[in-house]
There are 2 protein chains.
Amino acid sequence: MPKATRFDHQTVVEKATNLYWEKGFHATSMRHLQEVIDMRPGSIYASFGSKEGLFREALQHYADLSLAQLAIHTQNTDSPVGALKMFFKSVVIDSRHTAPSSMCMLVKTISELTDDNSELLAEAKRLLSVIEQSLQDILQKAKEHGELSESENTTRLARYLQMQLMGLRAYARTTDSDALLTQMIDDIFVHEPFLLKSR
Amino acid sequence: MPKATRFDHQTVVEKATNLYWEKGFHATSMRHLQEVIDMRPGSIYASFGSKEGLFREALQHYADLSLAQLAIHTQNTDSPVGALKMFFKSVVIDSRHTAPSSMCMLVKTISELTDDNSELLAEAKRLLSVIEQSLQDILQKAKEHGELSESENTTRLARYLQMQLMGLRAYARTTDSDALLTQMIDDIFVHEPFLLKSR
DNA sequence: TTTTACCTTGAACGATCGTTCAAATCCAGT
DNA sequence: ACTGGATTTGAACGATCGTTCAAGGTAAAA
């Protein structure tokens, strides 16, 4: 009757990530998780330790995905800023129709969790800072391609972009109009080739 | 031993709002709620119907607070834009040290909830749109005070500000530096007296 | 084929979840 | 002071929560 062949770690983490991403940490029950990843409690706890342990792996997996997506857009391009804009549209608009949630899983996590789960909270913050650093690296490349003035502060700009992305993806949950979001992203990347004019 | 004097509806909703705001819907247990609002299950269910019913009242109360705060800042001023900026700083920075969460309770709610609680989700979205409309009204006043060009699209600008506020308050959860957030708000309201340059 | 080390299984545990309701209590009207 | 309708109380309910562990199954070594 049982199957009991060894589970595929990669597949399991993917499925767990999608469920956690959609429902959040608290609203995801181990029972539901068991069905989705097709594992029994004993196996789950032997492999991941706890509900928190599996969530931690899910967070890491999500961040890896995000960084990979960012890399795909920006490598082998002579317009890092254009690539960044494409990345924004891809993440904000396309993924609304395919991903478990329009929102960033890391933002959902820091939004939901409190000090009652301080380790997971800290881990989500850490991963967000890694992504922000990655944005900064791309802005640095933009400088080297002459898309950004040497006098620009990439740290500040990366922080600003990160904040905008959080806002866009949260706002995306309040509307069904892709056109609206497209316009908002165009507003962020105002001038060709770049940027929030101002400063 | 018991007290059994009639409960104060206003106070109870305030306390419930603060707990829901901090913990979110799912992580707030009725047991904890009972302690905080000092009511027994029977009374709660007689007055509010369910955990969802009380949460609905909390959402409404939160939105009322937000609108009142916005009104206080903007009435009796000849610089609606300046008032808007003050409002942003007050909400993003000050409330980090006083409020249950740096994040907007409505954004936390649309972030956490799924179609499993579609009524509450819809209500949170509705209240967000009310606030966005209120932002638009202030931008209209800014036009009348000559702070904003008549050609500006207030609908679009209000949407943009709403998105920025969502982003700022989410980002606020990732840092302890008030200076950073102050700078970001200054960046949003770039030119004296106003606005994201560009369009 | 038998042994052995590892992995999976699924029933079961105590704790906690949201909710109900009969009994106790309060307070306004007489 | 008494009554009667409204309100609060707190024990209790079934369901579900995250987690544990003895038992059973698998696969590679001997």
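Order of the sequence lines fixes the chain letters, A, B, ..., with proteins taken first and strands second; residue numbering starts at 1 for each chain. Scope of the values below: all heavy atoms of this structure, side chains included, with no hydrogens, waters or symmetry mates. Quick caveat, the model's predicted, so the values are computed rather than measured.
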Not counting sequence neighbours, which residues clear ring-ring contact (aromatic ring centres under 6.0 Å, His included) with A:Y45? List them please.
-> none

Go through residues 45-61 of chain A and report each residue with a non-hydrogen atom lying under 4.0 Å from DNA chain C, sorted by number.
-> none

With a 4.0 Å heavy-atom cut-off, tell me which residues in residues 113-124 of chain A come close to DNA chain D, sorted by residue number.
-> none

Look only at the side chain of B:T175 and the backbone of B:A172, and say whether a donor-acceptor pair between them is shorter than 3.5 Å.
-> no

Across all chains, not counting sequence neighbours, the ring-ring contact (aromatic ring centres under 6.0 Å, His included) partners of A:H61 are none

Counterpart residues, side-chain hydrogen bond (donor to acceptor under 3.5 Å, both in side chains), relative to A:S151 (two or more places apart) = A:S149

Taking the side chain of A:Q34 as its heavy atoms from C-beta onward, which of C:dT19, D:dT19, C:dT9 lies nearest to it?
-> D:dT19

Using the test side-chain hydrogen bond (donor to acceptor under 3.5 Å, both in side chains), find all partners of A:Q133 that sit at least two apart in sequence or belong to another chain.
-> A:D137

Those residues of residues 14-31 of chain B lying under 4.0 Å from DNA chain C by at least one heavy atom | B:T28, B:S29, B:M30, B:R31

Under the ring-ring contact (aromatic ring centres under 6.0 Å, His included) test, residues paired with A:F7 that sit two or more places apart | none

Pairs where residues 108-121 of chain A contributes a residue and the test salt bridge (Lys or Arg N to Asp or Glu O under 4.0 Å) is met, not counting sequence neighbours = A:R56-A:E119, A:D116-B:K23

Residues two or more places apart in sequence or in another chain: which of them pass side chain to side chain contact (heavy atoms under 4.5 Å, CB included) with A:T77?
-> A:S79, A:A83

Sequence-distant partners of A:H32, ring-ring contact (aromatic ring centres under 6.0 Å, His included), two or more places apart = none

Listed partners of A:Y171 passing side-chain hydrogen bond (donor to acceptor under 3.5 Å, both in side chains), at least two apart = B:E132

